[in-house]
Amino acid sequence: MNYVFWMTGGYGSHPDEGYDPKALPVITGISYSDMVAKNVTMAANLAGIDGDSFTDICISNVTIGLSPKPKKVQWNCTDVVGVTSVIIQTFAVIVLLGLVGFRGVKCGRAGKVLESVSGFSYEAINCRKHSASLTEFGGVGDGSTSNTMAFRNAIEHLKQFESDGGSQLIVPPGKWLTGSFNLTSSHFTLFLHKDAIILASQDEKEYPVIPFLPSYGRGRDKQGPRYAAFIFGTNLTDVVITGNNGTIDGQGASWWENFHKKKLDHTRPYLIEIMYSDQVQISNLTLVNSPNWFVHPVYSSNLLVLSLTILAPVDSPNTDGIDPDSCTNVRIEDCYVVSGDDCIAVKSGWDQYGINFGMPTKHLIIRRLTCISPDSAVIALGSEMSGGIEDVRAEDIVAIRSKSGVRIKTARGRGGYVKDIFARRFEMDTMNVFRMGGDYREHADTGYDPKALPVITRINFSDMVAKNVTVAARLAGIEGDSFTDICISNVTIEPSPKPKKVQWNCTDVVGVTSAVSPPACSLLPETGNPCPFPTDKLPIDDIQLQTCSY
């Protein structure tokens with residue numbers, strides 16, 4: 001189309017000359033969200049009236065693919081007031097945040113923030129009786145003063161209210177430099193103001209060294225212990241990390257450089273890691289430049305990950321967006337991820353350590369994800385899947401310039417299983433589509449059992465469109481351990497100008513297809529039957545957010 005958004009106060013048609021030119025229209029409260037447009041000449045022409053601006057415009061989670069001959073100026077805005085969040089233009093894949101002076105928020109989604117002169121309100125799983133600001137504990141938001149002790153002292157002080165209605169720590173506007181800190185309190189909320197930026201210290205000494213995860217048997221980067229996450233919590237109940245799109249900046253560049261040069265003594269820290277916890281919400285934040293994985297809930301249950309913007313250079317090492325690991329009852333919704341690795345990676349332990357620990361990831365919902373990951377997957381299952389992965393439901397996904405849609409990664413020695421996977425309503429551009437492999441060769445150590453074979457079964461993909469595709473599918477099971485009961489239905493794949501000669505590569509897989517174009521390989525014969533998608537409701541969908549205030 002020509003325009004995605006068009007507003008004009010200059011429409012000149014009137015019934016006659018008797019109209020009153022002082023009768024000005026009120027244009028306000030206009031919200032657009034969760035949209036995809038392709039072959040666009042111009043993104044927006046928004047023209048209010050001089051002296052009568054159009055106000056309270058909100059545009060969020062919108063991806064605009066430009067035509068081969070777009071207008072030089074994509075956004076023409078005069079006499080309009082509003083906000084944007086996660087606006088993407090994909091011709092050179094430019095990420096535009098806070099465009100035309102707007103600030104980033106979400107339009108009408110879970111976790112919305114309503115501001116007033118005296119405070120603000122937000123949505124969370126539970127509200128708190130007690131509140132404090134970081135400045136009450138000596139915090140200085142100048143971007144250079146260390147606030148490590150301010151965060152630690154504030155959280156320790158608020159811990160006394162665990163059994164008295166809970167507490168919330170407010171991070172006000174400013175740039176707050178700090179080392180790693182531990183959320184030691186249950187019934188606790190960490191809230192970031194929209195103009196707050198928490199800056200992660202680049203000093204390795206600010207990150208405690210902690211034991212490796214028992215389901216991994218070692219640090220992920222190297223043998224031995226690991227650095228604690230930047231924001232860390234363990235054995236907690238009812239914890240919320242949220243904001244009105246405040247920013248947590250991991251300042252990961254020095255970590256990436258030292259990782260490549262093999263100068264680090266231990267595995268790099270994750271940005272946020274919550275362990276052995278229940279009832280956790282992470283929402284409405286902008287997360288940038290993590291040293292390693294961004295969001296890593298592990299050995300936890302009843303998790304909400306909502307409305308996150310996650311940004312890292314596409315060549316940054318291991319910057320996975322969201323990695324639920326040995327977790328149960330997880331809901332991930334309305335997130336936008338640009339990553340140097342998988343946008344979402346579902347995990348459950350590594351080789352013999354994951355098998356022995358025996359804690360699967362199950363009952364996982366992923367909805368309305370937008371992903372850019374040129375070298376990795378939109379959603380990866382594994383490769384650390386030795387504790388098992390089951391009942392994953394992904395729908396309404398937009399993938400741009402990513403290497404594959406849903407990828408299953410496993411190998412001999414992994415053991416475990418990946419089963420009952422359901423993915424539907426994907427829109428993909430510039431990528432491969434389906435990828436499964438039983439030859440992922442990374443192992444924790446030499447102690448794995450090569451006879452421990454994974455079970456990959458009941459994998460379902462339906463209602464998908466992919467454009468500019470190099471290879472439709474690379475599906476490679478394990479000899480003597482085929483991946484079974486694969487179903488692919490109602491999928492249209494348009495090849496790129498230079499596609500691979502063979503679009504479907506299939507070995508050691510068993511399954512069926514229906515209404516797939518181009519036709520699949522002979523190991524996936526056409527049956528005419530659509531693939532299933534669960535109709536039951538998972539308990540995590542019953543969680544209702546409350547409106548909380550400060």
Restricting to non-hydrogen atoms, name the atom on [X] and the atom on [Y] that form the minimum distance, rounded to 0.1 Å.
X	Y	answer
Ile125	Val280	CD1-N, 4.3 Å
Ser402	Val378	CB-CG2, 3.8 Å
Val338	Tyr336	CG2-OH, 2.9 Å
Gln281	Ala124	OE1-CA, 3.2 Å
Ala228	Ser180	CB-OG, 4.2 Å
Val471	Gln503	CG1-O, 3.5 Å

### side-chain contact (heavy atoms from CB on, under 4.5 Å) involving Lys205 - partner list, sequence neighbours excluded
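Only Asp203 meet the side-chain contact (heavy atoms from CB on, under 4.5 Å) criterion with Lys205.
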### Query
Do Arg424 and Phe533 meet the cation-pi criteria used here (NZ or CZ under 6.0 Å from the six-membered ring centre, within 45° of the axis)?
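Yes, Arg424 and Phe533 form such a contact.
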### Query
For Trp504, is the NZ or CZ atom of Arg474 found under 6.0 angstrom from the centre of its six-membered ring and inside 45 degrees of the ring axis?
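Geometry flag: not set, cation outside 6.0 Å or 45°.
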### Approximate separation, where rounding is to 0.5 Å, of Asp341 CG and Phe294 CZ
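Spacing of CG (Asp341) from CZ (Phe294) equals 11.0 Å.
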[X] bridged to [Y] by N-O distance under 4.0 Å:
X	Y	value
Lys263	Glu204	no
Asp375	Lys403	no
Asp351	Arg412	no

Is the backbone N or O of [Y] less than 3.5 Å from a side-chain atom of [X], with the two atoms forming a donor-acceptor pair by type?
X	Y	result
Ser496	Asn468	no
Thr370	Val398	no
Asn292	Arg268	yes
Ser300	Pro297	no
Ser386	Arg414	yes
Ser215	Gly354	no
Thr513	Leu524	yes
Thr267	Arg226	no
Asp320	Trp293	no
Thr319	Gly340	yes

Do the side chains of [Y] and [X] get nearer than 4.5 Å, heavy atoms only?
X	Y	value
Thr247	Leu285	no
Ile241	Ile231	yes
Phe230	Ser290	no
Phe212	Arg220	no
Ile344	Leu369	yes
Met464	Met428	yes
Tyr216	Asp325	yes
Gln202	Ser254	yes

Scan [range] for pairs that pass disulfide (SG to SG under 2.5 Å), counting only residues two or more places apart or in two chains.
range	value
residues 488-517	Cys506-Cys521
residues 438-488	Cys487-Cys531
residues 379-481	none
residues 387-460	none

Got a sec, which residues hit side chain to side chain donor-acceptor pair (under 3.5 Å) with [X], two or more places apart in sequence or on another chain?
X	answer
Asp315	none
Gln223	none
Lys537	Asp542

### Query
Between Arg367 and Arg331, is a side-chain contact (heavy atoms from CB on, under 4.5 Å) present by the stated rule, with each step listed?
CA-CA 8 Å; Arg367 294 191 183 112; Arg331 193 170 95 214; 4.0 Å; yes
### Task
Would you check if the distance from the ring center of Tyr276 to the ring center of Tyr299 is below 6.0 Å?
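Aromatic pair counts; centres sit under 6.0 Å.
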### Query
Taking the six-membered ring where the residue is Trp, are the ring centres of Trp255 and Tyr227 under 6.0 Å apart?
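Under 6.0 Å, so yes.
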Determine whether the side chains of [X] and [Y] contain a donor N or O and an acceptor N or O closer than 3.5 Å.
X	Y	answer
Asn284	Asn245	no
Asn432	Ser404	no
Ser462	Asn490	no
Asp323	His296	no

### Task
Answer yes or no: does atom NZ of Lys500 have more than 12 heavy-atom neighbours from other residues, nucleotides or ligands under 6.0 Å?
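No, the 6.0 Å shell around NZ holds no more than 12 heavy atoms from other groups.
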Under 3.5 Å donor-acceptor pairs involving side-chain atoms of residues 478-485, not counting sequence neighbours:
| from | atom 1 | to | atom 2 | distance (Å) |
| --- | --- | --- | --- | --- |
| Thr484 | OG1 | Thr457 | OG1 | 2.9 |

### side-chain contact (heavy atoms from CB on, under 4.5 Å) evaluation trace for Ile322 with Ile310
CA-CA 9 Å; Ile322 304 163; Ile310 296 176; 3.8 Å; yes
### Message
Using the salt bridge (charged side-chain N to carboxylate O under 4.0 Å, His left out) criterion, which residues pair with Lys38? Sequence neighbours excluded.
### Response
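Scan of Lys38 (salt bridge (charged side-chain N to carboxylate O under 4.0 Å, His left out), adjacent residues dropped) gives Glu427.
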#### Entry: side-chain contact (heavy atoms from CB on, under 4.5 Å) between Ile421 and Asn460, intermediate numbers included
CA-CA 6 Å; Ile421 308 301; Asn460 300 276; over 6 Å; no
### Summary of ring pair (Phe, Tyr, Trp, His ring centres under 6.0 Å) pairs that have at least one residue in residues 399-438, sequence neighbours excluded
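Only Phe434-Phe461 qualify under ring pair (Phe, Tyr, Trp, His ring centres under 6.0 Å).
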Atom pairs and distances, donor-acceptor, side-chain atoms in residues 357-365, under 3.5 Å, two or more places apart:
| from | atom 1 | to | atom 2 | distance (Å) |
| --- | --- | --- | --- | --- |
| Thr361 | OG1 | Ser326 | N | 2.7 |
| Thr361 | OG1 | Cys327 | N | 3.2 |
| Thr361 | OG1 | Lys347 | O | 2.7 |
| His363 | ND1 | Asp391 | OD2 | 2.7 |

